[in-house]
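Scroll down for the structure; my scribbles are underneath it.
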2 protein chains.
Amino acid sequence: MVTKAAPDATTRAADRVLGLLRVVCEHDGVKLADAAKELSLSASTALRLLRTLEANGFAARLADGLYRPGYRMVQLGVQALSHDALVAASRPALRALVAGTGESAYLSVAAGQTHGLYLAIEEGTQSVRHINWVGRTFPLAGSAAGAVLAGQVEPGSFITVAEGVEPDTTAVAAPVTAGGAVVAALSVVAPSYRATGEYARTVGPIVAAEASRLFATPAAVAGRTKEDHGHRNFAP
Amino acid sequence: MVTKAAPDATTRAADRVLGLLRVVCEHDGVKLADAAKELSLSASTALRLLRTLEANGFAARLADGLYRPGYRMVQLGVQALSHDALVAASRPALRALVAGTGESAYLSVAAGQTHGLYLAIEEGTQSVRHINWVGRTFPLAGSAAGAVLAGQVEPGSFITVAEGVEPDTTAVAAPVTAGGAVVAALSVVAPSYRATGEYARTVGPIVAAEASRLFATPAAVAGRTKEDHGHRNFAP
DNA sequence: CATTGGCATTTCATTACTTGAAACCATCAT
DNA sequence: ATGATGGTTTCAAGTAATGAAATGCCAATG
């Protein structure tokens, strides 16, 4: 059981600097005035806090005057990623999907109301394969993984989307659940020219099985079996 | 030119909460008393700030009472990673290394005084290949990439380490420089049984060439040619 | 069972730090 | 030159942040 933080026991200045950190990371370059406006802060307050982020390496201000994530964010973020239970648990499943289908396999989670985010990737083995990267975001609307993350796919089943948010690709996705909640999507993406005929009917059950198995095999979460991942929700 | 933050223009509470965020992310579970001690804060102050991190999703306190990185850290961290100029620039080089050697290729940066961190990975194409993951840390001492990051390898050349920090592997690494400083290491890691005879003499120059080329080809940093990466230093 | 030690959490008086409005500065377009 | 926009600095006010001390909780031990 995750202990809940007391709702009123936060520190205002700390809240504010963390809010700015989120704003900076969610934009590919944000200017002072926009960051301040987004959090309803005065420009001088936002400037001071952004300077604090800079001094601690969490943000960087480049020549164009825009603030971007600093090296600390990358460093600590990917370290956190590598220790993440969901990502660790997904690795065997992703490898199995590549081995079983030859196509690229992904783990993704919701990131905000409208987008998802790729957290873990195993590339396919074919010469022509879908290419992707950790950290890339995609629209929930119109994508197979998006439908899964929006709760539109029953656990144990799968969805196929051809020519969804990316041209010339066909995606098959299934929900990863923990404690009855959808916490991630497991998906396989192939060039559409290869995803013909019985493709979905062949690949779908494989993806759904791996997704169902993700938190059902104690060995897949070795060392962390006592944690209740149902409370690990990546959506805000 | 990166504008430097004024050294004395930070906000104390914000500094402190960011320091705690760093501490939480650098440990695989830290307890309140240790986090407080590490930053010389009183326990009550640390508790309040850790609760602020929790409330904002940057930290999570699980049943064992230890604080760990929260979903926000993973989410924003990997988004920052995906937008990172160094990682973006390395992608073609990593792919070229895999295409040219068949072995797994990595981009890594220094993370602290004693360790490095894998930021980008392209897996080799062989059935038996080196396996790794984004966010994994490795000791600088005794590793090929570590020697590079410690400045022990001339730009344009390479280093080979057999049976270094990982058994049964041979690593070849070369420095990525920007503005005259070593900002990252590009490396190829193979099972030692394949890295025999002329392996290093064949692979070394390929790695060194790709590393040298990383910030020398305008096309590799499309859209960001105006930034001076020499000031983008990932080491603390 | 009671006691002890270690750690977490709450309380509260103090004041230092945070804040935002206003003034000032810098840049660019007309 | 002027005006608009955005960034930066200044400073007075008061509240938010703080840490010491008290209290609570839990596990280990006798």
Side-chain angles (χ1 to χ4, degrees), chain A residues 1-24 27-56 58-70 226-227 231, chain B residues 1-24 27-56 58-70 226-227 231:
Chain A
M1 180 61 76
V2 182
T3 58
K4 288 195 76 73
D8 53 354
T10 61
T11 301
R12 191 176 67 167
D15 272 325
R16 286 176 162 182
V17 75
L18 294 174
L20 281 171
L21 180 56
R22 179 181 56 78
V23 167
V24 165
H27 296 72
D28 191 19
V30 64
K31 68 180 189 183
L32 169 66
D34 290 341
K37 192 191 307 178
E38 198 159 327
L39 296 180
S40 305
L41 298 178
S42 73
S44 57
T45 298
L47 180 64
R48 267 193 302 269
L49 294 174
L50 284 166
R51 281 184 169 159
T52 304
L53 286 172
E54 258 191 294
N56 285 276
F58 285 93
R61 193 178 200 187
L62 305 190
D64 57 7
L66 303 185
Y67 289 92
R68 295 185 169 86
K226 286 182 187 150
E227 293 179 24
H231 294 270
Chain B
M1 177 62 76
V2 181
T3 58
K4 289 196 74 73
D8 53 355
T10 61
T11 302
R12 191 175 69 164
D15 273 326
R16 286 175 161 184
V17 76
L18 294 175
L20 281 170
L21 180 55
R22 178 180 57 78
V23 167
V24 165
H27 296 72
D28 190 20
V30 65
K31 67 182 188 183
L32 169 67
D34 289 342
K37 191 192 306 178
E38 197 159 326
L39 296 180
S40 305
L41 298 179
S42 74
S44 56
T45 298
L47 180 63
R48 267 193 302 270
L49 294 173
L50 284 165
R51 280 184 170 158
T52 305
L53 286 172
E54 260 191 292
N56 284 277
F58 284 93
R61 192 178 202 187
L62 305 189
D64 58 6
L66 303 185
Y67 289 94
R68 293 184 170 86
K226 287 183 187 151
E227 294 179 23
H231 294 270

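These values consider heavy atoms only, across backbone and side chains, with no hydrogens, waters or symmetry-generated copies. Every chain is numbered from 1, with letters handed out A, B, ... down the list of sequences.
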Run the side-chain hydrogen bond (donor to acceptor under 3.5 Å, both in side chains) test against B/R22 and tell me which residues pass, sequence neighbours left out. B/E26

Whole-Å distance, B/K37 NZ to C/dA8 P, equals 10 Å

So where does chain B start and stop touching DNA chain D, 5' to 3', when the test is distance under 4.0 Å to a non-hydrogen atom? D/dT18 to D/dA20

To the closest 0.5 Å, what do you measure between CG (A/L39) and CG (A/L20)? 5.0 Å

So how far is it from B/H27 NE2 to B/D34 CG, rounded to the nearest 0.5 Å? 7.0 Å

Check residues 40-48 of chain B and write down every donor-acceptor pair under 3.5 Å in which the side-chain atom is one partner and the other belongs to a residue at least two apart or another chain.
residue	atom	partner	partner atom	Å
B/S42	OG	B/S44	OG	3.4
B/S42	OG	B/T45	N	3.2
B/S42	OG	B/T45	OG1	2.9

Name the nucleic acid region contacted by A/A13, choosing base, sugar-phosphate or nothing; use a 4.0 angstrom heavy-atom cut-off, strictly under. sugar-phosphate

To check you understand the geometry: which heavy-atom pair defines the closest contact between A/V24 and A/P69, and what is its length? CG1-N, 3.6 Å

Are B/K31 and C/dC7 close enough that a side-chain N or O sits under 4.0 Å from OP1 or OP2? yes

Just wondering, do A/F58 and B/L21 contact through their side chains at under 4.5 Å, heavy atoms? yes

When the distance from CD of B/E54 to P of C/dA8 is rounded to whole Å, what number comes out? 13 Å

Separation of C/dC17 atom C1' from B/L49 atom CG, nearest Å, is 14 Å

For the pair made of OH in B/Y67 and C1' in C/dC7, what is the distance, rounded to whole Å? 12 Å

Quick one: do A/T11 and B/V17 satisfy side-chain contact (heavy atoms from CB on, under 4.5 Å)? Show the steps, please. CA-CA 9 Å; A/T11 301; B/V17 76; over 6 Å; no

In degrees, rounded to 10°, what is the bend between the two ends of the helix from C/dC1-D/dG30 to C/dT30-D/dA1, using five pairs at each? 40°

Please tell me which of A/L47 and A/T11 maps to the more 5' nucleotide of DNA chain D, matching each residue to the nucleotide holding its nearest heavy atom. A/L47

Residue set satisfying side-chain hydrogen bond (donor to acceptor under 3.5 Å, both in side chains) with B/N56, at least two apart, ordered chain then number -> A/D15

For the residue pair B/R68 and B/L62, establish whether any side-chain heavy-atom pair is separated by less than 4.5 Å. yes

Smallest heavy-atom separation, B/A35 atom then B/V30 atom, equals N-CG2, 3.9 Å

Close N or O pairs between protein and nucleotides 20-24 of chain C (under 3.5 Å):
residue	atom	partner	partner atom	Å
C/dG20	OP1	A/R16	NH2	3.3
C/dG20	OP2	A/S42	OG	3.4
C/dG20	OP2	A/T45	OG1	2.3
C/dG20	N7	A/S44	OG	3.0
C/dG20	N7	A/R48	NH2	3.3
C/dG20	O6	A/R48	NH1	3.3
C/dA21	N6	A/S44	OG	3.1

Please determine which of B/R51, B/E54, B/K31 meets the side-chain contact (heavy atoms from CB on, under 4.5 Å) test together with B/R61. B/E54

